[in-house]
Amino acid sequence: MIKEKCPYVDKCGACHMGKTSYEEELIEKKGLVEKHIGKYCKVNDVAGMYYPFHYRNKVHAVFGRSKDDVIAGTYAEGTHTIVPIQDCLIEDAQASAIIKTVTELIKSFKLWVYNEDTGRGLMRHILIRKGMSTKQIMVVLVTASPEFPHKNNFVSELRKRHPEITTIVQNINSQNTTFVLGDKNKPLYGEGFIEDVLCGLRFRISPNSFYQVNAAQTQVLYKKAIQAAALTGKETVIDAYCGIGTIGMAMASKAGKVLGIELNKDAVRDAKANAKRNHIENIRFVAADATEYMTRMSQEREKVDVVVMDPPRSGSTEAFVKAVGSLKPDRVVYVSCNPETLGRDLGWFKKQGYVAEEAWPVDMFGWTEHCECVCLLNRSK
Ligand code: SAH
């Protein structure tokens, strides 16, 4: 794969585009995974992307000012200085074009850009999500307050310039926080969510729900996870940290029944709607902390055959792993986006009698240092 040099590579810090070739990167990533979990199990070669450019279906930019100009970009690594970015090589190209237009519109409508230091101003961030199969596009405009001067004209001008946009949402984030999104969403145009098709199923995705950023590789990842779960049609499966229910639903036709556990209420609402829209009847979802819920299940001596878990970068908790230990599923399929916390958690699993068998890294985040991984654990008899 050719090297493509990104003009922002030394300033932005999000990835190292152009510093190595993609093939070298995959070898480095395997080494990284081996460093953290190699003592527990065999690590396979990293499944790389067919085309490792413009893969990100979720694109975020922060607004700022530079002299008289409005800029949109990313914070330089470890700072609050905005690096203006246009045409990022890993982000979706349509999303980049929309960000450019919104930046121009903010200027021409004379809207205030939010200033983090003073807490004044209106326009904070823009988040774009695209359904890679459906081509639906959601634009989320994050504002510091509910008022949005010239809202209707702004929205109609944006739609005129980008008829490909299927929904526009105003998200209100009045907190002085590093989180991009606040809790409140107001659809300004369209339904307020997009849909995408993954593993033959149709999913609804709301602004605050987690959805994997690389749709093509997500299918590779889920296929691996489904294979590792080795379901026969009878099993009771838990999909812990389930987000909008994608993994659990992709497994449901091969399982007896599935329970999805997820903390984010918006994601659970999406998950329930998704089960309905795909006519999947053997799955249910609860909005709960996975550790607390599974601890309770183990106290109530519920029977579970397979646990699939996909926690955030911070990994799971020892209490969760102990709850799995008492529920005694035959297998655990751990989907991890951070080999370091995966390594720590495999140590806890070992104490509970679970042996890591094999790991399959999948590159979801080309050119960055991050690596996703499916790891199969079996309960030692
Ligand atoms: N499996 C999903 C989502 C994985 S991302 C997918 O592949 O799309 C991790 C998810 O864990 C997020 O949706 C996040 O909201 C959720 N989460 C974080 N902490 C949690 C907790 N303590 N209990 C349950 N879910 C949690």
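As the structure lists them, so they are numbered: ligands from 1, and atoms in each ligand from 1. These figures come from a predicted structure and were not determined experimentally.
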Requested in this report: Quick one: look at Ser209 and ligand 1, take heavy-atom pairs under 4.0 Å, and tell me if it's side chain, backbone, both or neither.
Outcome: neither
Report summary line: When distances are taken from atom 1 (N) of ligand 1, the protein heavy atom at minimum range is Asp310 OD2, 2.9 Å
Query raised in the report: Under 6.0 Å between the ring centres of Phe53 and Trp367?
Result: yes
Requested in this report: Report the nearest protein non-hydrogen atom to atom 22 (N) of ligand 1: residue, atom name, distance rounded to 0.1 Å.
Outcome: Asp289 OD1, 2.8 Å
Query raised in the report: Quick one: does Asn264 get an N or O within less than 3.5 Å of an N or O on ligand 1?
Result: no
Query raised in the report: What about the rings of Phe148 and Phe154, do their centers lie closer together than 6.0 Å?
Result: yes
Query raised in the report: Should the pair Glu340-Arg313 be classified as a salt bridge under the 4.0 Å nitrogen-to-oxygen rule?
Result: no
Requested in this report: Give the residue and atom name of whichever protein heavy atom lies nearest to atom 18 (C) of ligand 1, and the separation in Å to one decimal.
Outcome: Pro312 CG, 3.5 Å
Query raised in the report: Out of curiosity, does Leu127 fall in the hydrophobic cluster containing Phe63 (side-chain heavy atoms, cut-off under 4.5 Å, transitive links)?
Result: no
Query - With Ile128, the side chain to side chain contact (heavy atoms under 4.5 Å, CB included) member among Ile98, Ile165, Val102 - result: Ile98
Report summary line: Numbered in order shown, the ligand 1 atoms found under 4.0 Å of a heavy atom of Ala288 are 23 (N), 24 (C)
Query raised in the report: Any N or O on Tyr222 sitting closer than 3.5 Å to an N or O of ligand 1?
Result: yes
Requested in this report: Before signing off on this row, confirm whether Ala290 and ligand 1 have an N or O atom pair separated by under 3.5 Å.
Outcome: yes
Requested in this report: Indicate, as side chain, backbone, both or neither, the part of Ala267 found under 4.0 angstrom from ligand 1 when only non-hydrogen atoms are considered.
Outcome: neither
Query raised in the report: Centroid-to-centroid, Phe320 to Tyr293, below 6.0 Å?
Result: no
Query raised in the report: To which protein heavy atom is atom 26 (C) of ligand 1 closest, and what is the distance rounded to 0.1 Å?
Result: Tyr241 CD2, 3.5 Å
Report task. Write out the residue and atom name of the closest protein heavy atom to atom 12 (C) of ligand 1, then the distance separating them to 0.1 Å. Result -> Glu262 OE1, 3.5 Å
Query raised in the report: How close does the nearest protein non-hydrogen atom get to atom 2 (C) of ligand 1, and which residue and atom is it?
Result: Cys242 O, 3.4 Å
Query raised in the report: Can you find an N or O of Tyr211 that's nearer than 3.5 Å to an N or O of ligand 1?
Result: no
Query - Over-ring placement of Arg159 relative to Tyr189, 6.0 Å and 45° cut-offs - result: yes
Query raised in the report: Below 4.0 angstrom, N of the basic side chain to O of the carboxylate: do Arg161 and Glu157 qualify?
Result: yes
Query raised in the report: Does the side chain of Val169 come within less than 4.5 Å of Lys186's, by heavy atoms?
Result: no
Query raised in the report: If you measure from each non-hydrogen atom of Leu263 to ligand 1, which part falls under 4.0 Å: side chain, backbone, both or neither?
Result: both
Requested in this report: Check the side chains of Asn57 and Asp92 for a donor-acceptor pair under 3.5 angstrom, ignoring hydrogens and angles.
Outcome: no
Query raised in the report: Would you say Asp239 has any N or O atom under 3.5 Å from an N or O of ligand 1, going by distance alone?
Result: no
Requested in this report: Would you check whether Thr246 reaches within less than 4.0 Å of ligand 1, judged by its heavy atoms?
Outcome: yes
